[in-house]
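Structure, as structure tokens:
We name chains A, B, ... by the order of the sequence lines, and we start the count at 1 in each one. Predicted, not measured: the structure shown is a model, and the values here were computed from it.
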There are 2 protein chains.
Amino acid sequence: MRINEVMKALADPTRREILRLLNEGEKSAGELAERFAITAPSMSHHFSVLKAADLIRSRRAGQQILYALNTTVFEDLMSLLFDLFGRTEAGMHEKEGEQ
Amino acid sequence: MRINEVMKALADPTRREILRLLNEGEKSAGELAERFAITAPSMSHHFSVLKAADLIRSRRAGQQILYALNTTVFEDLMSLLFDLFGRTEAGMHEKEGEQ
DNA sequence: TCGAGAATTAGCCATATATCTAAATGGACG
DNA sequence: CGTCCATTTAGATATATGGCTAATTCTCGA
């Protein structure tokens with residue numbers, strides 16, 4: 001996991017809301033876009049940031065592109081946060097995050 | 001908790017490293033600064049961002065200012081991440097077994 | 001093959017951010 | 001007091017980011 005890309009991706013409120021919506025299930029780009037007051041190209045930019053961070057996955061279905069959460073990153077994120085905040089008693093979590 | 005401020009604070013690698021160092025225990029501004037290749041004013045800027053996000057607390061001890069983690073935010077952060085990634089009932093039924 | 005619909009890519013602009021140097025603040029101590 | 005030391009504040013600058021419009025790509029269906 002690229003921590004920096006993940007964290008930067010999560011730093012934007014629009015992207016966090018996209019993730020929240022995708023938590024309900026797979027949605028098309030257009031379906032997501034209509035929930036926001038920004039243009040499709042801007043949304044597309046956010047999708048690419050989320051994809052680069054591997055927070056979402058996409059697949060084409062006809063003319064549409066469907067996006068879905070990549071939940072495996074969640075665990076990595078938890079691991080990172082424990083690394084930052086977790087009060088550890090010697091070896092409580094062996095697996096250290098990168099960076 | 002101001003999610004946006006917390007997330008933006010965490011988006012910077014220097015600030016994440018500061019938190020990691022503070023996880024070892026309280027440290028002075030200078031003590032933290034000497035670990036990085038950036039100037040004291042730049043460090044000070046990062047401290048203020050972390051403070052604004054309530055991720056750290058500070059207290060004066062003579063000429064020095066000591067910083068410490070504010071661990072209570074950790075729980076809030078976890079809660080937020082579950083909100084983003086945690087499978088809710090609706091989501092669970094839509095994409096079961098997906099990874 | 002052609003046109004329409006969905007989405008992305010390209011290019012531009014304004015704002016936000018991270019960094020620096022220089023100056024100001026606040027405490028310690030002779 | 002006066003000066004030193006630790007840190008912050010002010011102000012400047014370069015880069016990053018997020019938004020837009022216009023143009024392009026890709027797929028579907030007549």
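- Regarding A/Met43, its CE atom lies at a distance of 13 Å from the C1' atom of D/dG19, rounded to whole Å.
- B/Leu66 and B/Leu50 are assigned to two separate hydrophobic clusters, defined by single-linkage of ILVMFWY side chains at heavy-atom distances under 4.5 Å.
- Nearest-nucleotide mapping onto DNA chain D: of B/Glu31 and A/Ala61, the residue sitting toward the 5' end is B/Glu31.
- Atom pair B/Phe36:CZ and C/dC20:P shows a separation of 13 Å (rounding to whole Å applied).
- Between D/dT8, C/dA18, C/dT9, one nucleotide has an atom nearer to the side chain of B/Asp12 than all others, and that is C/dA18.
- B/Lys27 NZ: more than 12 foreign heavy atoms inside a 6.0 Å radius.
- Rounded to an integer number of Å, the gap from B/Leu50 CG to D/dT8 P is 12 Å.
- OP1 and OP2 of C/dA18 both lie 4.0 Å or more from every side-chain N or O belonging to B/Ser42.
- Hydrophobic cluster membership is shared by A/Leu22 and A/Val6, with clusters built from Ile, Leu, Val, Met, Phe, Trp and Tyr side chains linked at under 4.5 angstrom.
- Of the candidates D/dG19, D/dT8, C/dG27, D/dT8 carries the atom nearest the B/Ile65 side chain, counting heavy atoms from C-beta on.
- Residue order along DNA chain D, read from the 5' end via each residue's closest nucleotide, puts A/Ala37 first among A/Ala37 and A/Gln63.
- Residue B/His45 is in base contact, counting any heavy-atom pair closer than 4.0 Å across all strands shown.
- A/Phe47 places its CZ atom 12 Å from the P atom of D/dG19, with the value rounded to the nearest Å.
- Put simply, A/Val73 and A/Val49 are part of two different groups of oily side chains (I, L, V, M, F, W, Y) that touch within less than 4.5 Å, one to the next.
- Note: CD (A/Glu34) to P (C/dA6) measures 11 Å, nearest angstrom.
- The separation between A/Arg59 atom CZ and C/dA7 atom P is 13 Å, rounded to whole Å.
- Using a 4.0 Å cut-off between a side-chain N of Lys or Arg and a carboxylate O of Asp or Glu, B/Lys8 and B/Glu5 do not qualify as a salt bridge.
- Here the side chain of B/Pro41 is nearest to one of D/dT9, D/dC28, C/dT19, namely D/dT9.
- The listed nucleotides are C/dA16, C/dA6, C/dT19; the one nearest the side chain of A/Gln64 is C/dA6.
- Distance CD1 (A/Ile56) to C1' (C/dA7): 13 Å, rounded to an integer number of Å.
- Among the nucleotides D/dT8, C/dT19, D/dT27, the one closest to any side-chain atom of A/Arg60 is D/dT27.
- Proximity of A/Arg15 to the phosphate of D/dG18: a side-chain N or O atom is located under 4.0 Å from OP1 or OP2.
- Within 4.0 Å of B/Ser28, counting heavy atoms only, lie sugar-phosphate atoms of the nucleic acid but no base atom.
- Within the 4.5 Å cutoff, side-chain heavy atoms of B/Ile38 are placed close to those of B/His46.
- One interatomic measurement links the two molecules: CG of A/Leu32 to C1' of C/dA7, which rounds to 12 Å at whole-angstrom precision.
- Nucleic acid contact class of B/Tyr67 (heavy atoms, under 4.0 Å, all strands): sugar-phosphate only.
- A sub-4.0 Å separation between OP1 or OP2 of C/dC20 and a side-chain N or O of B/Thr39 is present.
- Among the protein residues, B/Ala40 comes within range of the nucleic acid bases, having at least one heavy atom under 4.0 Å from a base atom.
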